[in-house]
Undergrad: 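Structure provided below as structure tokens; questions to follow.
Numbers restart at 1 for each chain; the letters A, B, ... are given by sequence-line order, proteins then strands. Computed from a prediction, not measured in an experiment: that's the story for all the values here.
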Amino acid sequence: MDTCKKVLERKDGRDYDCFYASVFEAENPALKSLPLAVQQKQIIVTCNYEARKRGFHKLQLIREAKIMCPEVVIVLAEDLTRFRDASKALYNFLKDFSWNGRVEKLGFDEVWMDVTDIIDYNLDLLNGNDLLNSFFHLSKDDPTLGFGFDGSKYIGHTYPAVAERTQPQDSAEDVLCMRLRLGSHLAQHIRHQLEERKGYTATVGISTSKLLSKLVGSVNKPKAQTTLVPPYVSSEGLESSVTTFIDSHDVGKIPGIGFKAAHKIREHVLHRDPDFDAGLTYGGMKEKVTVRDVRLSTSMSAESLEKVLAGPGSPHGLGYRVWCLINGLDDSEVGQVRSVPKQISIEDSYIRLDTVDEVLKELRMLAKNLIKRMRLDLLETDDDGGESSFMNESEADQADGRISNRKRWLAHPKTLRLTTRPRPPLNPDGTRTRTFSRVSRSAPLPGFVSNLQESVDALAAKLVTEALVPLFKKLHPEKSGWNLSLVNVAVTNMADTASDKKSATGRDIARMFSRQEDVLKEWRSEDRDASSGTGGGPSSNSVELVNRGVFADAPVGFEDGMKPQHSMAADEDWGDEENSVEQISTCQACGSAVPSFAMPAHQRYHLLGD
DNA sequence: CCGGGAGGCT
DNA sequence: AGCCTCC
């Protein structure tokens, strides 16, 4: 769970951390002291710190690596099963710390947690006269659950490393400081638990949004945490640390600004600004353009960015989004826990794949692994009212034939997709233009794949002949003349079965509500006055989402480990929480914003199912 | 723009 | 169906 970042970044390289290496080390601790590199095909996808000391970096060619350091241990990691399993276990571990279910994964090794509610609760209970002997409550129900901490200071690193101002400017900033301090202690606790219970170290960032928490997390890298400390707004004589921090990044390093967008922005900034243009050496090193450069470039606005980034298929409002990002603004919410993935895909890449026979063989292999994955990730075992659980790998493997009839599908994918990446033909001059463009065809997924009586092999064979081969013929009508560098088979368009809501299982929902008695009490008392009772959702006299954008809680991220979140709203938020604004709650189960008076009805809707 | 994913948008 | 983004 450790993120690592090498010192010398490839110009286009995004972070990839040593999660894969950590999984191998967890399985075999002897590897920890050795330089360990993880291989997929011809490249090192990641490596541990021992290897980094010797100059290794991620996405490095194997050849290069072996010459550099012949004694490096190289492990193959093209089958991602073990990493997926480890990722799931760690995610489930973190999830249990959450009260509101806002725990979002990005890739296998990054998680955001919105812990606004936990911070709020603890902020209330804090004794301002004895901060040094504070107690952090991890449960509303059991007041003994938690840990002691020194609430007078941050734990772990901060950005800036030394707070320039010890005295907060106003009461809002004072509260934000306290919330972030609480966040830092929660992060520390969870990191320690993670290491103690699961044997994984984590790197964490704590702030008020996904954007800032993720970025600040990478300031101190392995096995560490960093909190972005206030002021979050600038005032005379003092720039906000948000601005200072985000300004220092290369545009392309901002999450949400990818390869393409960064390129367009760079071109725009360098082109239009004569001062910059002067120093541009073409063919040399790529010009570094920082967020500050972009933010302060002439006539910078959301509208101008929208034009710069416009293109066929580009998302609407991208200019505004990017403008927000470079100003450190991100109001996106931490996603709700999801029990079922949106898609499952299996792929492999090839140096050469140009005959029908080889394709058939590969399709069978991919189809087989895909069906195994479906049984792993889409099947729930029902052990009579106990915890619901997913199958482990061996269970899914022995699914050949006699699976107990307690296994239920959580979802049925409706669509099957076959994707290939054709290798472009040689240019007249003998060179090959690199391309990464893929082509795909989809079809309804035949129902028989969810048959649990038949063996994976038999189902895979049938899937190939009845569905994948027709799709392949649509993609590549000729029997030869193509050469594929990649084949991907996916199931998508998950339709949940009656028993499941995608956000969580029915039992999980019941459990979540039962834990939230205080909150329910609040709703009930309001319910007496409101006319809701039985019927409607948020419809009738609805308070609508006024202010939502303004005071919506923004995440305090824990990069990698998790990200706690709380309100970063300028002023009106924590002042007097009771009366100042309309009460709109976020449903614990599905994440919808629901007026408080309608929450009991909404909750019933979940408990009763459809 | 390497590798095996996954998700969101148009 | 394709593109972009993230790891």
Side-chain angles (χ1 to χ4, degrees), chain A residues 1 3-5 10-20 37-46 57-65 76-84 87-88 91 104-112 203 210-211 214-215 217-218 252-264 309-318 321-322 325 332 335 338 340-351 366 369-370 373 377 415 417-421 433-443 471 474-475 485-494 559-560:
Chain A
M1 206 72 178
T3 43
C4 314
K5 182 169 172 180
R10 265 168 55 142
K11 47 193 182 297
D12 54 30
R14 308 297 309 186
D15 273 22
Y16 200 99
D17 74 37
C18 20
F19 178 60
Y20 289 0
V38 181
Q39 175 189 192
Q40 283 173 340
K41 293 297 184 308
Q42 75 273 42
I43 64 168
I44 303 286
V45 289
T46 191
H57 56 88
K58 57 208 161 156
L59 302 183
Q60 181 177 28
L61 287 174
I62 280 278
R63 307 266 177 198
E64 230 178 277
L76 196 64
E78 285 160 19
D79 178 355
L80 303 186
T81 304
R82 61 198 332 158
F83 312 116
R84 197 151 32 223
S87 174
K88 209 183 279 182
Y91 175 77
E104 181 183 343
K105 256 178 71 141
L106 183 54
F108 283 175
D109 67 333
E110 279 191 31
V111 175
W112 281 286
T203 296
K210 287 177 31 168
L211 171 71
K214 179 181 171 66
L215 285 178
S218 49
K253 288 286 194 295
I254 303 301
I257 304 180
F259 183 77
K260 302 269 179 172
H263 192 69
K264 288 181 185 170
L309 299 173
S314 72
H316 264 112
L318 182 59
R321 253 191 45 218
V322 168
L325 292 176
S332 67
R338 242 185 342 210
V340 170
K342 299 241 172 188
Q343 60 168 289
I344 298 175
S345 69
I346 304 279
E347 68 184 54
D348 207 345
S349 59
Y350 312 90
I351 303 295
L366 294 168
N369 288 331
L370 183 65
R373 278 288 308 287
D377 295 348
T415 306
R417 187 181 60 220
L418 176 67
T419 305
T420 67
R421 187 176 63 197
T433 328
R434 278 191 163 291
T435 179
F436 305 91
S437 68
R438 301 167 175 219
V439 287
S440 72
R441 292 293 182 269
S442 303
L471 286 175
K474 273 203 238 178
L475 280 171
S485 62
L486 176 140
V487 178
N488 175 305
V489 181
V491 288
T492 64
N493 210 350
M494 307 292 182
E559 134 125 75
D560 263 300

Undergrad: Could you check which of dC3(C), dC1(B), dC6(C) has an atom nearest any side-chain atom of S437(A)?
TA: dC3(C)
Undergrad: Do the side-chain N or O atoms of K105(A) get closer than 4.0 angstrom to the phosphate oxygens (OP1, OP2) of dC6(C)?
TA: no
Undergrad: Quick check for you: among dC7(C), dA1(C), dC1(B), whose closest atom lies nearest to any side-chain atom of F259(A)?
TA: dC1(B)
Undergrad: In whole angstroms, how far is the C1' atom of dC2(B) from the CG atom of L486(A)?
TA: 13 Å
Undergrad: Rounded at 0.5 Å granularity, tell me how far CG in L486(A) sits from CG in D348(A).
TA: 8.0 Å
Undergrad: When you get a sec, tell me which of dG2(C), dC2(B), dG4(B) is the closest nucleotide to the side chain of E347(A)?
TA: dG4(B)
Undergrad: Answer yes or no: does a side-chain N or O of Q40(A) lie under 4.0 Å from OP1 or OP2 of dC2(B)?
TA: no
Undergrad: For nucleotides dG3(B) and dA1(C), find the distance between their P atoms and express it as a whole number of Å.
TA: 25 Å
Undergrad: Strictly below 4.0 Å, N to O, side chains only: are E347(A) and R421(A) in salt-bridge contact?
TA: no
Undergrad: Round to the nearest Å and state the distance from L366(A) atom CG to dG5(B) atom P.
TA: 9 Å
Undergrad: Using a cutoff of under 3.5 Å, can you pull out all pairs of nitrogen or oxygen atoms linking the protein to nucleotides 6-10 of chain B, with atom names and distances?
TA:
from, atom 1, to, atom 2, distance (Å)
dA6(B), OP1, R373(A), NH2, 2.8
dA6(B), OP2, S345(A), N, 2.7
dA6(B), OP2, S345(A), O, 3.3
dA6(B), OP2, S345(A), OG, 3.3
dG7(B), OP1, K342(A), N, 3.4
dG7(B), OP2, K342(A), N, 3.4
dG7(B), OP2, Q343(A), N, 3.1
dG7(B), N7, Q343(A), NE2, 3.4
dT10(B), OP1, H316(A), N, 2.9

Undergrad: K260(A) side chain: which of dG4(B), dC6(C), dC4(C) is closest?
TA: dC4(C)
Undergrad: Please work out if D348(A) contacts a base, only the sugar-phosphate, or nothing of the nucleic acid, heavy-atom cut-off 4.0 Å.
TA: sugar-phosphate
Undergrad: If you check the R434(A) side chain, which of dC7(C), dC2(B), dG4(B) turns out closest?
TA: dC2(B)
Undergrad: Can you tell me which residue among K210(A), K105(A), K214(A) is in a salt bridge (Lys or Arg N to Asp or Glu O under 4.0 Å) with E110(A)?
TA: K214(A)
Undergrad: Rounding to an integer number of Å, can you tell me how far K214(A) NZ sits from dC6(C) C1'?
TA: 7 Å
Undergrad: Rounding to a whole Å, what distance do you find between I44(A):CD1 and dC7(C):P?
TA: 20 Å
Undergrad: With DNA chain B as reference, determine whether F436(A) or A77(A) sits nearer its 5' end, using the nearest nucleotide of each.
TA: F436(A)
Undergrad: Contact class for S442(A) vs. all strands (heavy atom < 4.0 Å): base, sugar-phosphate, or nothing?
TA: sugar-phosphate
Undergrad: Report which part of the nucleic acid E78(A) touches: base, sugar-phosphate, or nothing (heavy-atom distance under 4.0 Å, all strands).
TA: sugar-phosphate
Undergrad: What is the distance, to the nearest angstrom, from the OH atom on Y350(A) to the P atom on dC2(B)?
TA: 17 Å
Undergrad: State which residues pass side chain to side chain contact (heavy atoms under 4.5 Å, CB included) with Q343(A); sequence neighbours excluded, sorted by chain then number.
TA: S345(A), R417(A), T492(A)
Undergrad: Among dT5(C), dG4(B), dC6(C), which nucleotide sits nearest the side chain of A261(A)?
TA: dT5(C)
Undergrad: In whole Å, what is the span from the CG atom of N488(A) to the P atom of dG5(B)?
TA: 8 Å
Undergrad: Using a 4.5 Å cut-off on heavy atoms from C-beta on, say whether the side chain of T420(A) contacts that of V439(A).
TA: yes
Undergrad: Flag yes if more than 12 heavy atoms outside L76(A) fall under 6.0 Å of its CG atom; otherwise flag no.
TA: yes
Undergrad: Looking at Q40(A) and E78(A), would you say the former's side chain and the latter's main chain have a donor-acceptor pair under 3.5 Å?
TA: no
Undergrad: Could you give the CG-to-C1' distance, from N369(A) to dG4(B), as a whole number of Å?
TA: 12 Å
Undergrad: So, using salt bridge (charged side-chain N to carboxylate O under 4.0 Å, His left out) as the criterion, who are the partners of R84(A) when residues are at least two apart?
TA: none
Undergrad: Could you check how far CD of Q60(A) sits from C1' of dG3(B), rounded to whole Å?
TA: 15 Å
